[in-house]
Amino acid sequence: MSGGARRVLEAWRLGVVKYGDALRLQERLVADRKAGRVGDLVLSLQHPPTYTLGKQREKAERNLLAPEHELRALGADLHRTERGGDVTFHGPRQAVLYPILSLRPLGLGARRYVEGLESAMIEVAALHGVSARPGDPGETGVWVGDRKIGAIGVRISSGFTWHGLAFNIDPDLGYFDHIVPCGIAGKGVTSLRREVPDGVELPPDEVIHDQLVRCLATTFGFTDVELKN
């Protein structure tokens, strides 16, 4: 940015939202963003237990390790989506951010945008004493050693973003046993709670959600964040 211009990111704190409801809200907001009826914003929320498949449907279906009726017996929904990425799980105590952004004014392409999402999660992990890193080539998301702590699945349409990231604060990791997370075999899944050094107390989940929003805003060059409940 030049000349000290003010650039505001609006953040909607939505609490727990069913996946289908969040998807419909994103669709409406992307249309509004394209039409200029809203500015750049990010949805900050959690989902009830939900498995989602990315747009490479056949590959993602192979990485489901249980039939749909068994997943539903666990109390989880299953959604097939048009985001990038493979199969993943969303659930309570996992921070989900869905940025609705116009990339061109931010000077971002798809690769730099994804790297920015990774950077925000890495920064938040570092705030709590956890050293995280981007994935190796072909492994999107954020890792602690060979354990995945943050997943990314985005969709970009005409330079406008939706879907986003999921950062594990302290979800029930047992749900990941029923999938090959993100289609990457032989790697584990972890959480911030599992990785923090001994004696480190985590703040309430809402604080970590806000930390993610602020790190994301800084990464993408926003000068201010407006948090709205």
Side-chain angles (χ1 to χ4, degrees), residues 11-27 29-30 42-57 59-61 63-66 68 70-100 114 117-118 120-121 124-125 132 135 139-144 147-155 161-184 187-194 204-206 208-213 216:
W12 295 12
R13 295 160 159 161
L14 298 179
V16 179
V17 182
K18 290 182 178 179
Y19 188 85
D21 293 339
L23 186 60
R24 286 185 288 273
L25 177 59
Q26 288 181 80
E27 290 170 345
L29 289 172
V30 168
V42 58
L43 309 181
S44 177
L45 53 90
Q46 298 182 46
H47 289 305
T50 307
Y51 294 94
T52 68
L53 305 178
K55 62 185 178 181
Q56 294 183 339
R57 200 62 42 77
K59 180 174 179 287
E61 295 275 3
N63 289 317
L64 278 175
L65 303 181
E68 186 170 345
E70 289 187 14
L71 300 179
R72 295 195 183 280
L74 297 171
D77 288 335
L78 178 66
H79 286 267
R80 294 165 175 85
T81 78
E82 293 304 313
R83 63 161 171 80
D86 205 287
V87 59
T88 195
F89 170 77
H90 297 304
R93 308 213 63 200
Q94 180 192 69
V96 174
L97 296 189
Y98 292 138
I100 313 293
V114 170
L117 297 181
E118 292 172 343
M121 289 190 280
V124 170
E139 298 178 350
T140 59
V142 170
W143 301 74
V144 180
R147 303 172 300 282
K148 193 165 194 176
I149 195 171
I152 292 174
V154 303
R155 184 172 180 188
T161 71
W162 47 314
H163 297 280
L165 66 82
F167 182 74
N168 295 333
I169 301 173
D170 191 19
D172 180 350
L173 298 180
Y175 282 100
F176 288 94
D177 294 340
H178 304 281
I179 60 175
V180 179
C182 302
I184 301 171
K187 298 289 182 74
V189 179
T190 192
S191 66
L192 194 62
R193 173 72 271 165
R194 288 198 176 190
D205 289 6
E206 293 80 6
I208 297 173
H209 279 250
D210 289 353
Q211 289 172 341
L212 267 174
V213 168
L216 183 143

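Keep in mind that this is a model prediction, so the values were computed, not measured. For the single chain, residues carry numbers from 1 onward in sequence order. Below, each value reflects all heavy atoms present in this structure, side chains not excepted, and no hydrogens, waters or symmetry copies.
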- Query: Is any side-chain heavy atom of L29 closer than 4.5 Å to a side-chain heavy atom of L43?
  - Reply: yes
- Message: Just verifying a value: how many Å separate Q211 CD and L216 CG, rounded to the nearest 0.5 Å?
- Response: 13.5 Å
- Parallel, tilted or perpendicular: which describes the rings of H178 and Y51, with under 30° parallel and over 60° perpendicular? perpendicular
- Task: Spell out, as yes or no, whether a donor-acceptor pair under 3.5 Å connects the side chain of H47 to the backbone of G91.
- Result: no
- Query: Is there a side-chain contact between W12 and I100 (heavy atoms, below 4.5 Å)?
  - Reply: no
- Message: What I'd like to find out is whether the side chain of I149 reaches to under 4.5 Å of the side chain of R194, using heavy atoms alone.
- Response: no
- Under 4.5 Å between any side-chain heavy atoms of V142 and L165, yes or no? no
- Query: Any side-chain heavy atom of I169 sitting closer than 4.5 Å to one from R193?
  - Reply: no
- Query: What heavy-atom pair brings A11 and V213 nearest, and what distance separates the two atoms?
  - Reply: CB-CG1, 3.7 Å
- Partner residues of K18 under the side-chain hydrogen bond (donor to acceptor under 3.5 Å, both in side chains) criterion, sequence neighbours left out: none
- Using 30° and 60° as the class limits, which term best fits the ring planes of Y98 and Y19: parallel, tilted or perpendicular? perpendicular
- On the 0 to 90° scale, with breaks at 30° and 60°, tag the F89-F176 ring pair as parallel, tilted or perpendicular. perpendicular
- Message: Once side-chain hydrogen bond (donor to acceptor under 3.5 Å, both in side chains) is applied, do any residues pair with H163, and if so which ones, sequence neighbours excluded?
- Response: none
- CZ of R83 to CD of Q26, rounded to nearest 0.5 Å, is 11.0 Å
- Task: Hey, could you give me the OG1/CD1 distance between T88 and I152, rounded to the nearest 0.5 Å?
- Result: 11.0 Å
- Answer yes or no: is there an ion pair linking E27 with R155, defined by an N-O contact shorter than 4.0 Å? no
- Find the distance between CD (Q94) and CG (D205) and round it off to the nearest 0.5 Å. 11.0 Å
- Query: Quick one: does D77's side chain have a donor or acceptor within less than 3.5 Å of a partner on T50's backbone?
  - Reply: no
- Query: Below 4.5 Å, heavy atoms only, C-beta onward: do L78 and L53 meet side chain to side chain?
  - Reply: yes
- Query: Roughly how far apart are I208 CD1 and N168 CG, rounded to 0.5 Å?
  - Reply: 11.5 Å
- Query: Less than 4.5 Å apart, any side-chain heavy atom of L71 and any of L64?
  - Reply: yes
- Would you indicate whether the side-chain heavy atoms of P49 and L74 approach each other to under 4.5 Å? no
- Just by distance, do the side chain of Q46 and the backbone of R93 share a donor-acceptor pair under 3.5 Å? yes
